Amino acid sequence: VDIVGAMLFAAFDTTSSTAAMTLNHLACHPEIQEELHESLRDVDLESLSPKEIGQLPFLNAVLNEVNMTTPAASMVARTATQDVEIAGHRVVKGTNVY
């Protein structure tokens, strides 16, 4: 149950983080915001399927850039619950592993 809850939270958290970072990037780069607005001006977004939205080239480029520069899940730490060896490296119980 803990893993399922973490996965659901991660899905929500990464989506909201990506949306927030996209808005932040657009606010910091008004010329990109304007270009994106122009590229979507004549597009009826409500009628598009997710696949069709993924085929909008400039929107796709903006989202890819945001994900490359500020990934939502760039690092998730785990804590070793026991001493273990991973790829020849000893990890002591209580160590944070990234």
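Fair warning: this is a prediction, and the values are worked out from it, not measured in the lab.
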Problem - Heavy-atom pair with the smallest gap, counting every atom of Pro30 and Ala27 - result: CD-O, 3.9 Å
Exercise for the section: Supply the atom-to-atom distance Asn67 CG to Thr18 OG1, rounded to the nearest 0.5 angstrom. Expected result: 5.0 Å
Handout entry: Set of residues satisfying side-chain contact (heavy atoms from CB on, under 4.5 Å) with respect to Asn24, sequence neighbours excluded
Key = Met21, Cys28
Handout entry: Under the side-chain contact (heavy atoms from CB on, under 4.5 Å) test, residues paired with Ser47 that sit two or more places apart
Key = Asp44
Completion exercise
So the salt bridge (charged side-chain N to carboxylate O under 4.0 Å, His left out) pairs with at least one residue in residues 15-35 (sequence neighbours excluded) are none
Exercise for the section: Could you pull out the closest heavy-atom pair between Gln33 and Leu26, with the gap in Å? Expected result: CB-O, 3.7 Å
Kindly list each side-chain donor-acceptor pair under 3.5 angstrom involving residues 59-66, sequence neighbours excluded, with atom names and distances?
unit_1	atom_1	unit_2	atom_2	d
Asn64	ND2	Asn60	O	3.3

Handout entry: Residue pairs involving residues 20-30 (criterion salt bridge (charged side-chain N to carboxylate O under 4.0 Å, His left out); sequence neighbours excluded)
Key = none
Problem - CA sep, side-chain torsions, deciding dist, call: Phe58, Leu40, side-chain contact (heavy atoms from CB on, under 4.5 Å) - result: CA-CA 9 Å; Phe58 196 70; Leu40 299 174; over 6 Å; no
Let me have the donor-acceptor pairs involving side chains of residues 87-96, under 3.5 Å, with sequence neighbours excluded, atom names and distances please.
unit_1	atom_1	unit_2	atom_2	d
Arg90	NH2	Asp83	OD2	3.3
Thr95	OG1	Val92	O	2.7
Asn96	OD1	Thr79	OG1	2.9

Practice task
State yes or no: do Leu23 and Leu56 share one hydrophobic cluster built from I, L, V, M, F, W and Y residues joined by side-chain heavy-atom distances below 4.5 Å, directly or via other members?
Solution key: no
